[in-house]
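Some notes on the structure that comes next.
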Amino acid sequence: MTDNFVAKWLKVNGIVQGVGFRPFVFQLAQKYGLKGEVANTSAGVSIHVEGLAGHITSFEADLATQAPPLAYIVDIASQTGIVKQYSDFAIVKSHGNSRMSTLISPDVSVCDDCLAELLDPGDRRYHYPFINCTNCGPRYTIIDDIPYDRPKTSMRHFIMCPACQAEYDEPTNRRFHAQPNACDDCGPHVGLFDYHKIEIGKQNPVGKAVELLKQGNILAIKGLGGYHLAADAANADAVRRLRRRKIREEKPLAVMSADLATIRGYAAVNKEEEQLLTSIRRPIVLLRKKTPNSISDQVAPRNNYFGVMLPYTPLHYLLLKHDFTALVMTSGNLSDEPIAIDNDDAFNRLAAIADYFLIHDRDIYLRSDDSIVRHIAGAERFIRRSRGFVPIPVFLKKEVPPILACGAELKNTVCVTRQDKAFLSQHIGDLENVATYDFFRLTVDHLKRILDFNPEIIACDMHPDYLSTRFAAEQAPIPNIQVQHHHAHVVSCMAEHKLEGDVIGLAFDGTGYGADGTIWGGEILIASSHEFKRTGHLATVAMPGGAAAIKEPWRMAISYLQRTFGDDFQNLDLPALGEIETEKVNILREMISKKVNSPLTSSLGRLFDGVAAICGIRKQVNFEGQAAMEFEMLAADSTNQAYDYQWETGASHRLLTTPIIEGVVADIQSRVPVAKISTKFHRTLIRLFAEFCDLVRRESDLNRVVLSGGCFQNATLLSGLIQALHDKKFAVFTHQQVPANDGGISLGQAVVAAAKARQA
Ligand code: ZN
Ligand code: ZN
Ligand code: FE
């Protein structure tokens, strides 16, 4: 034995089980001629290696950089070990209770090795739509309980054939312990049905499905996290029919294309977007449309962007290799309901929409919608964080007690914490109907099971009428902590960046229940994890008709005009005003002045709606934020001008909107193009907020600014404000791991509840 023959003991923490990590370590040890062993433990993977010191150094370097695609390494602890003179390197049985902290991988796209086999006529899995290995395939959506072993997944119904079993048992095989391993002889199968549930095209269901799509039919296709509704995206009739049947008026529909080259035919793709599209997580990426293009204008009307993804299951590849420019692949649901996952459920709920059903017999235990991302201001921003990303945890600065946070009302997700990890659920949806509330409870139960979790604290919103708030109360005697909506927004972003102490938090969104009972949404807070002060807010206006004002932005237009010009506003020369019946205007005016069903709001989302409606963008919307979105898309003018703005100091400073409305109206009256008005409006907000942060910094000595809330999905506002704050030498923090919108709220709730519990 020479001097530099040493031993090391390594502990790898993260998502390292069920992802081919031990075979990877085994092969790495062989490569460097090291002896020892590797095992799964309750804390991750434990490795003992002995050999030449230089080889061990290389081994450690490769361990961190060459890990299998599904592995997610958080840290590697390394210490000197005792040389035990091992005779070889072995994968040994798990030590202890590996139940405790096993992290489950998300579902990811089929890998290149499996894809090559799928398309190789000589391979035994040629054209088998469920091909997978330890580096790819379903995980989170097929698991019912832990530990993650085949009997605890929906693969339990399929007994492996000898060939599959041999792969599963062989440590050097790519399918060693790949729980969903299967082949045509022993695994799941697809079947094609018409809407009477009569099976057709038995010989070649996928080929027949392609033929039906080409003819303009709508197919319900069972995927990884649920059903999609598919149609040929180039066929305007088919897409129009899908929209009509799905009762989805104008919301953009996602599309899927076979490869990047095809996508480049209809959308612009930069380097970062290419990385997002091709990542194993395969999100829907928002890409700028090219014009003209061959996609039906019914796919994303009045929108500068397409939501595009690449295929992620073997079945998608088999469907798309038949010369489609793109297939519409939208969630298999009626508007506002959760996506269908169960075959019977799909037939029941989708029969009125789909002409045919391409189904399979591998059950989905937990639905997971497609994730949606957009590249803005140098980073990936989530619009929806779901399939492909869940359940990767957000790593917290400190250990926290087990908390279940119930999330917001819209775009709901829940969050559970375990030690220093916060697990956000997949996208659940808007908690406004029984079906979604059932899914909410199912997800909570599921997460409790697969994360081996029992809450000691429940966190929820302050809104007394939310289903999630009531759910929290029903969990008594487990104590619940109510968290103000915008405080949760700011803290969710702080948690991502592990920030402690006080920050300046800008929380801009549509609606959130305020601490004073009014509707907040344009809030500048001085916040820490456990408390906040509302240091400033947009001046409030009435929302005549309450929730109706969200669906009908013209109501906000009237409200802002009346606030700015008094009753004289009706004499203004505004084309948009002329389109509204005088009687309706009078009723609204009465409602506002008599304070009838006209709650006050400081929401920035409503200001966007109001200004968009004053400019004549649209009087009504089909989904929240539509008017604001269309208004933003017009902002393309290179003007450097902005409107006047000012604020009134007070216990909570008021940022006045009246000078902005005056400016907008003056521009409309002098026939300034809307593109220029939109640009000026965005510039105004950016300058106003940046200068206001200056004031807050002078008053508070704080230099860190955190941006959160759904308004920061507006790329012009987000990138402009980041730039303006950087110019003023602020440290700026924005969302990168969870959505800025209400999909990220549950994380903030959990961290606030933990901080409050610590204070108590
Ligand atoms: Zn694979
Ligand atoms: Zn088999
Ligand atoms: Fe919000």
Side-chain angles (χ1 to χ4, degrees), residues 19-20 23 68-70 105 107-120 123-125 128-139 150 155 158-169 173-189 280 312-314 317 407-413 430 461-463 466 483-493 505-514 519-523 525 550 601-606 624-625 707-713 735 738-749:
V19 295
L70 285 190
S105 162
D107 309 272
V108 299
S109 76
V110 57
C111 72
D112 289 345
D113 291 332
C114 286
L115 194 55
E117 291 171 355
L118 178 74
L119 303 174
D120 172 7
D123 192 272
R124 75 183 187 93
R125 290 190 179 86
Y128 179 58
F130 301 93
I131 189 168
N132 68 82
C133 71
T134 41
N135 298 329
C136 73
R139 294 290 185 279
R150 191 155 171 129
M155 288 302 291
F158 303 96
I159 311 297
M160 276 185 278
C161 69
C164 287
Q165 187 71 50
E167 294 166 336
Y168 183 91
D169 292 334
N173 193 286
R174 205 171 89 240
R175 299 195 165 93
F176 176 65
H177 286 193
Q179 305 305 347
N181 189 27
C183 73
D184 194 47
D185 290 336
C186 65
H189 287 98
I280 56 170
Y312 53 88
T313 70
Y317 276 97
E409 176 88 335
L410 302 178
K411 300 184 173 70
N412 181 273
T413 62
D430 299 346
D461 199 272
M462 288 175 73
H463 199 300
Y466 282 0
V483 181
Q484 200 280 323
H485 186 96
H486 301 92
H487 187 207
H489 266 308
V490 171
V491 175
S492 69
C493 189
L506 272 50
F508 296 148
D509 64 2
T511 305
Y513 192 82
I519 301 168
W520 290 9
E523 312 308 312
L525 311 179
I550 299 173
T601 185
S602 53
S603 159
L604 180 61
R606 296 292 86 77
E624 197 191 355
L707 308 181
S708 188
C711 289
F712 287 110
Q713 290 176 124
H735 284 284
V738 306
N741 64 39
D742 287 2
I745 282 275
S746 60
L747 172 63
Q749 289 176 342

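When reading the values below, keep in mind they use all heavy atoms of this one structure, side chains included, and skip hydrogens, waters and symmetry mates. Remember, predicted model here, so these are calculated numbers, not experimental data. Counting convention: from 1, in listed order, for ligands and their atoms alike.
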Hey, could you give me the [atom1]/[atom2] distance between [X] and [Y], rounded to the nearest 0.5 Å?
X      : Y      : atom1 : atom2 : value
Cys164 : Asp169 : SG    : CG    : 11.0 Å
Tyr317 : Ile131 : OH    : CD1   : 12.5 Å
Leu747 : Ser708 : CG    : OG    : 9.5 Å
Leu604 : Leu506 : CG    : CG    : 9.5 Å

- [ ] Take the Zn ion (ligand 2) as the vertex and measure to SG of Cys186 and SG of Cys161; round to 10°.
- [x] 120°
TODO: Give a rough value, rounded to 10 degrees, for the angle at the Zn ion (ligand 2) between atoms SG of Cys164 and SG of Cys183.
DONE: 110°
Open item on the list: Just to confirm my numbers, could you give the angle made at the Fe ion (ligand 3) by OD2 of Asp509 and NE2 of His485, rounded to 10°?
Closed with: 90°
Task: Shell of protein N/O/S atoms around the Zn ion (ligand 1), taken as anything under 2.8 Å - done: Cys111 SG, Cys114 SG, Cys133 SG, Cys136 SG
Task: Contact check: His489 to the Fe ion (ligand 3), N/O/S below 2.8 Å - done: yes
- [ ] Classify the ring geometry between His486 and His489 as parallel (under 30°), tilted (30 to 60°) or perpendicular (over 60°).
- [x] tilted
TODO: Give the atom name of whichever N/O/S atom in Asp742 sits closest to the Fe ion (ligand 3).
DONE: OD1
Open item on the list: Please determine whether a side-chain nitrogen of the Lys or Arg among Arg124 and Glu167 lies less than 4.0 Å from a carboxylate oxygen of the Asp or Glu.
Closed with: yes
Task: Thr134 and His177: side chain donor to acceptor below 3.5 Å - done: no
Open item on the list: Are there over 12 heavy-atom neighbours, none belonging to Asp113, within less than 6.0 Å of that residue's CG?
Closed with: yes
